[in-house]
Amino acid sequence: MCGVVGIVSSQPVNQALYDALTVLQHRGQDAAGIVTWGNGRGLKKRKSIGLVRDVFRSRHMVRLKGNVGIGHVRYPTAGGAKSSEAQPFYVNSPYGICLAHNGNLTNYDELADLLIREDRRHLSTNSDSEVLLNVLAHELQIRVNGEPTADNVFDAVDALHRRCRGGYAVVALIVGFGVIAFRDPNGIRPLVLGKRGQKDFMVASESVALDILRFSRVRDVSPGECIIIENDGALHCHDYPGEVAHTPCIFEYVYFARPDSILDNLSVYKARLRMGEELAGKIVRDFSDHDIDVVIPIPDTSRTSALQVAYHLGVKYREGFIKNRYIGRTFIMPGQAERKKSVRRKLNAIDLEFRNKNVLLVDDSIIRGTTSKQIIKLAREAGARRVYFASAAPPVRYPNVYGIDMPAASELVANGRTIEEIQDLIGADRLIYQDLHGLIRSVRHDNSHITEFDTSCFSGEYVTGDVTDEYLHDLEQRRNDAAKSKRGSRRDRESNVVAL
């Protein structure tokens, strides 16, 4: 999962891009990058591994001149955690194009092969974002007739949609022309359009990035749609003429998006409130004789749901864990060992809220089970008599292939296990999961135009229709924790050689 932003303004955009990336930091903590452009100043860029606050220093910000720019925060799915794969990427021809991308291409191997063999374009990384950039550049190159036009760009993006499969939300900067933004024909990954004044426009992964810069949320970018914001502020929109379906990723509402964001006209906060209501109903139905004394959330994402669970069960809600805010999101940390070590560095229990009580812990979801097991152990060490565990999402049994780093089925605790087996494995006295239809009801609160979501990690149904067992097997071999650890060790050795 990544975060993207693009701005065309009447003012310098360096600080605005930086501020937007800081509020999108939850979407990626591996790397960050900004590219800007201005008449007479050319392209300016800064990107590296690390958090936004560490990548950009005063000396970098001063150099990022221009009124047009794009930015990116990354956590690695395709490719790896390397500084060479920090985004935005750049190609010189045609015109000079920079691109940043959130999502994952399911036909990456096929596209990479065609780009090298037929389109005669060189790839220097294993990132599918570089593939996207080169597909766009190639399709624009063959339509070049002097200066770029809106029609050239729209035709090129339509051709890209016909070639690329998967989930993707893209912002790109075409030198001397403007910023373009587009979304995959299934609308899996989010992208929002905002406006400030008459000619300042912005696109971002989440509406919260618009809010902090005082941009009004105009609307969500439609599935397959391409938006062009020229350097002078002229706005052009184009709907993809091919087949489209609106199936946004439901896991955005469960975990990834900030609660103060609105995605596809749906409030993340309201969705999580309703998840709590649905979960409370499930507890009443399946655990009617419960002896829960207190409901405690696993901070931070589950707080909204846990509050509603407590309210509808008629029991106390308490904050029993204190979070170290200087530790990143455990789910997106690279490697099982690192995630396991991070739980105790991240959370500390308040004994007073646990001692001699039957506690219901509420989390947004359970992925690998490592964090849940460690948290339950913390609760018991703090004196809890019984520890019940509830998930606001259904069991995650299948890989996600559209840009969320849960590709290895063997690493998902719910894959091939019953609820009782998971309960024993994580050490809970009782485990309660949300139902999938309850989750869908929760998220679809206001928008009847969305009739279905991408629920692949819960249901195993992939909306792009091209995900085979063979593909999932290959993906698991490349992206399980062992493979990531091997790549990480190689990167460390290379860094040591450079240091020496």
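Throughout, residue positions are numbered sequentially from 1 according to the sequence presented.
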Residue pairs meeting ring pair (Phe, Tyr, Trp, His ring centres under 6.0 Å), one or both in residues 45-72, sequence neighbours left out, come to none
Here the gap from S205 atom OG to L24 atom CG, rounded to the nearest 0.5 Å, amounts to 6.0 Å
Any ion pair linking R183 and D264 (charged N to carboxylate O, less than 4.0 Å)? yes
Quiz prompt | Between Y168 and H161, ring centroids under 6.0 Å | solution = yes
Should the pair R121-D119 be classified as a salt bridge under the 4.0 Å nitrogen-to-oxygen rule?
no
Rounding to 0.5 Å, atoms CG (D454) and OG (S459) come to a distance of 7.5 Å
Value for NE2 (H449) from CZ (R444), rounded to nearest 0.5 Å, stands at 11.0 Å
* **Any donor-acceptor N or O pair under 3.5 Å, side chains Y471, D469** => no
Margin query: Could you tell me if S127 and E85 have a donor-acceptor pair between their side chains, going purely by distance under 3.5 Å?
Written below: no
Decide salt bridge (charged side-chain N to carboxylate O under 4.0 Å, His left out) for D300 and K323; before the verdict, give the C-alpha distance in whole Å, the side-chain angles of both, and the deciding distance to 0.1 Å.
CA-CA 8 Å; D300 286 316; K323 181 181 177 181; 2.9 Å; yes
Is there a donor-acceptor pair closer than 3.5 Å between any side-chain N or O of N104 and the backbone N or O of V401? yes
Taking every heavy atom of L213 against every heavy atom of D19, the minimum-distance pair comes out as CD2-CB, 4.1 Å
With a 3.5 Å cut-off and no angle check, do the side chains of T106 and D466 form a donor-acceptor pair? yes
Inset, instruction - Let me see the working for R258 and E252 under salt bridge (charged side-chain N to carboxylate O under 4.0 Å, His left out), right down to the final yes or no. - result: CA-CA 9 Å; R258 272 180 46 152; E252 289 276 358; over 6 Å; no
Any Lys/Arg nitrogen of R162 or E243 sitting under 4.0 Å from an Asp/Glu carboxylate oxygen of the other?
-> no
Interatomic distance, CG@L173 vs CG@L43, rounded to 0.5 Å, equals 6.5 Å
Next item on the list: Could you tell me whether R219 and E225 have a side-chain N and a carboxylate O separated by less than 4.0 Å?
Entry: yes
When V68, I180, V8 are each screened for side-chain contact (heavy atoms from CB on, under 4.5 Å) with I229, the one that passes is V8
Output for pair (I228 CD1, T149 OG1), nearest 0.5 Å, gives 7.5 Å
